[in-house]
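Written below as C-alpha cells is the structure these notes are about.
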Amino acid sequence: ETPGPLLEIRGLVKRYGGIIAVKEVDLKIAAGTIVALIGPNGSGKTTMFNVITGLDPATGGKILLQGRDVTGLPPHELARLGIARTFQNLRLFNNMTVLENVLVGMHSRTTTGALGAVLRPPSVAVEEREARERAIEVLSVFGNRLLPRLDQTVSELSYANRRRVEIARALASQPKILLLDEPAAGMNPGETLELAEQIRSLKDMGLTVFLIEHKLNVVNDLADRIVVLDHGEKIAEGTPAEVHADPQVLEAYLGRK
Ligand code: ATP
C-alpha cells in the first residue's frame, strides 16, 4: 500500500485567455475511493479532467500520481502510468466492433514503453488470444450487456451500451484511477441504477474512481467524498451528508438548478 493520496492536485489553475476555468484547486484522492466532482454548468469540471489527463496543459499548479509529479506529461504517458478516462460526448470508433474498441484501449497501455518489446509473447496468435480474453474480462463488468455483442459495430448499439463500451475501453488499459465524465448521461433510471452498481463493483476490485455526474442520486449513493466547484473554485468538499448540509453549496449549486 502506498501512503498518501493516489492522486493529488495542488493549486491547479487553467486559464483560457481572459477566462479562468479552474482557480487554485487543491484536491487529494485516496486510493480505493470514489470521489465525485459536482458543480453548475461551466464550473470547470471537464476542464479539470482535461488537465489531469494531459489533454490541456495546466496554467499553474501540480498534479501528483502516487507522489510523483506528472504535471505536463502527454496523455499516452499518463495512460501508461495508470490514468484512464471517458468522455461526456463519447469518443468511440463507431465503425469498429465492441471488441476492437476495447482492444484499442488496451494498446494505450501495453504497446508503449521499452518493456513492451521485451515481454511480447513469441507468437502473435497467443498475444491476440490473451488480448481477447482480457477484453472479455473487462466487458463482463457489464454482465451480459456487451458479451453477446463483441463483434457488433458500435454504431449498431443502443446509447447505453455505447456508454458501457466507453468505460470498458478505459478499463482495458488497467488504470489505477478511472475518470468518468457523466457516465450516466442519457441513461434511463433503470440503466443508471445498474451503472451505479457496476461502478461500485469497480471500487470493490480496488479501482479508484473520480466521477463527474449531474445525477445527484447517483453521486450521493456512490461517492465517499464530493468536491464542489463553482466558477472554477472549490467551494466545498466532504462526505455527501456534509456537502449537502453546506449552505454555500445549497446557494451556489442546488439553489440555481
Ligand atoms: P458542464 O457541466 O456544462 O460540462 P463544466 O463544469 O465541465 O461544465 P467546463 O467545460 O470545464 O465546465 O468549462 C469551464 C469554463 O471554461 C467555461 O467558462 C468554458 O466556457 C471555459 N472553457 C472550457 N474549455 C475551453 C476552451 N477550450 N477554450 C475556451 N474556454 C474554455
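Side chains are part of it too, since the values below use all heavy atoms of this structure and drop only hydrogens, waters and symmetry mates. Start at 1 and go down the list; that is how both ligands and their atoms are numbered.
- Counting protein heavy atoms only, atom 7 (O) of ligand 1 is closest to Thr46 N, 2.8 Å.
- Close approach of ligand 1 to His214 (heavy-atom distance below 4.0 Å) involves ligand atoms 2 (O).
- Looking only at heavy atoms of the protein, atom 12 (O) of ligand 1 is closest to Gly44 N, 3.1 Å.
- Looking only at protein heavy atoms, the nearest one to atom 3 (O) of ligand 1 is Asn41 OD1, 3.4 Å.
- A donor-acceptor contact shorter than 3.5 Å links the side chain of Glu100 to the backbone of Thr97.
- Interatomic distance, OG of Ser158 versus CZ of Arg149, reported as 7.0 Å (0.5 Å rounding).
- Of the protein's heavy atoms, Lys45 NZ, 2.8 Å lies nearest to atom 2 (O) of ligand 1.
- Between Arg10 and Asp26 no salt bridge is recorded (no basic side-chain N to carboxylate O distance below 4.0 Å).
- Considering backbone and side-chain N/O of Ile19, none are found under 3.5 Å from N/O of ligand 1.
- The distance from ligand 1 to the heavy atoms of Ser43 drops below 4.0 Å at these ligand atoms: 5 (P), 6 (O), 12 (O).
- In this structure, Gly232 has no heavy atom closer than 4.0 Å to ligand 1.
- Electrostatic pairing of Asp181 and Lys45 does not count as a salt bridge here, judged by no charged N lying under 4.0 Å from a carboxylate O.
- Protein heavy atoms are absent from the 4.0 Å sphere centred on atom 19 (C) of ligand 1.
- Closest to atom 11 (O) of ligand 1 among all protein heavy atoms lies Thr47 OG1, 2.5 Å.
- Checking each of Asp246, Asn220, Thr239 against Ile226 for a side-chain contact (heavy atoms from CB on, under 4.5 Å) leaves exactly one that passes, namely Asn220.
- Protein heavy atom closest to atom 16 (O) of ligand 1, with residue, atom name and distance, is Ala21 CB, 3.3 Å.
- Ionic pairing of Glu182 and Lys215 is not present here: no N-O contact between side-chain nitrogen and carboxylate oxygen is shorter than 4.0 angstrom.
- Shown here, atom 28 (N) of ligand 1 is in close reach of the protein: a heavy atom of it lies under 4.0 Å off.
- Atom 21 (C) of ligand 1 has Tyr16 CD1, 4.1 Å as its closest protein atom, hydrogens excluded (heavy atom only).
- With respect to Val51, the side-chain contact (heavy atoms from CB on, under 4.5 Å) criterion is satisfied by exactly one of Val22, Thr71, Asp56, Thr59: Asp56.
- Distance check: Asn161 CG to Arg163 CZ gives 12.0 Å after rounding to the nearest 0.5 Å.
- Of all protein heavy atoms, the one closest to atom 4 (O) of ligand 1 is Gln88 OE1, 3.5 Å.
- Using a 4.0 Å cut-off between heavy atoms, Met48 makes no contact with ligand 1 at all.
- Between Gly42 and ligand 1, a contact under 3.5 Å exists for at least one N or O pair.
- Where the criterion is an N or O separation shorter than 3.5 Å, residue side chain and backbone included, Glu182 fails it with respect to ligand 1.
- Taking 4.0 Å as the cut-off between side-chain N and carboxylate O, Arg134 and Glu137 do not count as a salt-bridged pair.
- A side-chain N or O of Arg85 and one of Asn50 form a donor-acceptor pair less than 3.5 Å apart.
- When ring centroids are compared, Phe49 and Phe210 come within the 6.0 Å threshold.
- Heavy-atom contacts of Pro40 reach the following atoms of ligand 1: 6 (O) (cutoff under 4.0 Å).
- Using 4.0 Å as the threshold, Gly39 has no heavy atom nearer than that to any atom of ligand 1.
- For the atom pair Leu99 CG and Asp151 CG, the distance stands at 6.5 Å (nearest 0.5 Å).
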